[in-house]
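Contents: one structure, followed by commentary.
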Amino acid sequence: MKAFAKIVPVAAIVWLTTICYAQTTPVATIVPGSYVAGNASVAYTAEWQPFQNPAALACEKQFGLTLLYENRYITAELSNAAFSAAFPTRYINVGAQFSYFGYAEYNEMLAAVTFARTFGEIFHVGVECDYYAVYLSPTERYHSTATVQVGLQVQVLPTLTIGFNVFNPVFSKVKTKLTEKRLPAIFSLGTNYRIHDKVSWLVQIDKEVHSPVRWATGFEYAPFDVFDVRIGCYGSDYVVPTLGVGVGFGGFKFHLHCEYRNPLGVTMLGVLQYRFKQ
């Protein structure tokens, strides 16, 4: 009875989160959020982030590790932990990443290998191969499927980059005897315009096949090489404001990102990165 009493309220929160989350951003809960201003990351080239546009991996010049933790609405069962590693080589950059969402009674896992290459420092192309698994119940256990993500970034002007990304273009699904879980098929298009050496403006449009269009925009201000501030918003039916900061020292960099979604509350995202010196 105690276990049942614990599962019911958590399940209700997950259900409500899924409804509200789908109204504003068409991504799966297993995909961790982005610390980019307004979550407009498709044209962001400064750093590669776990499960975002794989083309950004082509811009990495150093071997790096990233740890990410995301908590939604101060609820432990709605936490997402992710890890990624970037391996730049002479001909192609390789990345590995893993994400875990949920708790003992229900959880999701997503593992991926990414390959990216730059052509003439203007075109960045990336392909990500994903393996997704979901734990539904002690009787159902784990069910899994595979999908891909493909990204492109083009620097059309010295101050303007256009990004495109598609997640799950093959419409993968997880099927069980009792239910069917559809992975979202998402098409993203965005721009990254450098207004000033220290100020960037990002804009993005997302379209999930079965959901409304989501828009996102934000500004990144980096007064120093070791410090930046990000402010933005995104939405579909209503607006979700975002705020974040980034601080670097040595080979380390820490990002803190937060957003507020009514009526559920605050989502917090923390990222720790380390780049090895060449």
Side-chain angles (χ1 to χ4, degrees), residues 24-27 31-61 64 66 86 93 114 116-126 128 149-167 186-208 212-236 238-248 253 255-259 269 271 273 275:
T24 54
T25 176
V27 297
V31 178
S34 167
Y35 56 80
V36 176
N39 286 319
S41 63
V42 69
Y44 193 73
T45 58
E47 295 169 342
W48 173 60
Q49 302 171 72
F51 302 104
Q52 304 299 319
N53 193 341
L57 177 62
C59 302
E60 293 288 345
K61 304 299 183 182
T66 299
N93 289 357
T114 304
R117 179 180 171 85
T118 182
F119 298 90
E121 301 298 328
I122 296 177
F123 294 92
H124 311 305
V125 180
E128 179 181 297
Q149 182 172 196
V150 181
L152 173 68
Q153 292 176 332
V154 183
Q155 186 176 344
V156 294
L157 294 172
T159 58
L160 179 64
T161 300
I162 296 177
F164 173 77
N165 184 63
V166 54
F167 175 79
I186 308 167
F187 299 83
S188 303
L189 179 66
T191 59
N192 183 355
Y193 178 60
R194 186 171 293 275
I195 301 174
H196 184 271
D197 289 341
K198 301 181 181 298
V199 181
S200 297
W201 177 28
L202 299 116
V203 178
Q204 182 170 326
I205 297 294
D206 300 311
K207 181 64 178 79
E208 201 273 331
V213 172
R214 187 203 80 149
W215 56 267
T217 186
F219 295 89
E220 179 177 281
Y221 173 52
F224 313 105
D225 293 338
V226 296
F227 179 76
D228 51 63
V229 180
R230 307 180 182 97
I231 184 170
C233 58
Y234 66 88
S236 179
Y238 57 90
V239 177
V240 179
T242 71
L243 178 66
V245 296
V247 180
K253 192 164 187 180
H255 302 275
L256 180 63
H257 175 91
C258 62
E259 56 188 59
L269 175 72
V271 179
Q273 299 173 317
R275 295 291 184 269

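Proximity of T242 to R230: side-chain heavy atoms (C-beta onward) are nowhere separated by under 4.5 Å. Side-chain contact between H255 and E47 is present, with heavy atoms from C-beta onward closer than 4.5 Å. Between L189 and I162 there is a side-chain heavy-atom pair separated by less than 4.5 Å. By the 4.5 Å heavy-atom criterion applied to side chains, Q155 and T161 are counted as neighbours.
Around CZ of F123, the count of heavy atoms belonging to other residues, nucleotides or ligands within 6.0 Å does not exceed 12. Under a cut-off of 6.0 angstrom, the local environment of CZ in F224 is sparse, with at most 12 non-hydrogen atoms contributed by other residues, nucleotides or ligands.
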- request: Apply side-chain hydrogen bond (donor to acceptor under 3.5 Å, both in side chains) to the pair W201 and T217, showing each step before the final yes or no.
  value: CA-CA 7 Å; W201 177 28; T217 186; 2.9 Å; yes

- prompt: Please walk me through it: do R117 and V125 pass side-chain contact (heavy atoms from CB on, under 4.5 Å)?
  reply: CA-CA 6 Å; R117 179 180 171 85; V125 180; 5.8 Å; no

task: Please lay out, stage by stage, how Q149 and N165 fare under the test side-chain contact (heavy atoms from CB on, under 4.5 Å).
output: CA-CA 7 Å; Q149 182 172 196; N165 184 63; 2.7 Å; yes

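Nearest heavy-atom pair across P54 and G151 is CG-N, 3.7 Å. F51 approaches E128 most closely through the heavy-atom pair CD2-OE2, 3.6 Å. Closest heavy-atom contact between N93 and C59: ND2-N, 4.5 Å. Shown here for A58 and T118, the closest heavy-atom pair between the two residues is CB-N, 3.8 Å. Here the shortest heavy-atom pairing between V31 and Q52 reads CG1-NE2, 4.5 Å. Across every non-hydrogen atom of V213 and K207, the tightest pair is CG2-CD, 3.4 Å.
Checking side-chain atoms of Q204 against main-chain N and O of S41 turns up a donor-acceptor pair under 3.5 Å. With hydrogens and angles disregarded, a donor-acceptor distance shorter than 3.5 Å links the side chain of Q153 to the backbone of Y44. Side chain of N53 to main chain of V42: a donor-acceptor pair is present (N/O by atom type, distance under 3.5 Å, no hydrogens or angles). The backbone N or O of G235 sits less than 3.5 Å from a side-chain atom of W215, completing a donor-acceptor pair.
Rounded to the nearest 0.5 angstrom, E208 CD and F187 CZ are separated by 9.5 Å. The distance from the OG atom of S188 to the CZ atom of F164 is 8.0 Å, given to the nearest 0.5 Å. In this structure, the separation between CG on D206 and CZ on F167 is 12.5 Å, given to the nearest 0.5 Å. The structure places CG of L57 at 13.0 Å from OG1 of T45, a figure rounded to the nearest 0.5 Å. Taken from OH in Y193 to CZ in F219, the straight-line distance is 11.0 Å, to the nearest 0.5 Å.
For the residue pair Y234 / E259, a side-chain donor-acceptor distance below 3.5 Å is found, with atom types taken as modelled.
In summary, R275 and E60 engage in a salt bridge, as defined by a charged side-chain N under 4.0 Å from a carboxylate O.
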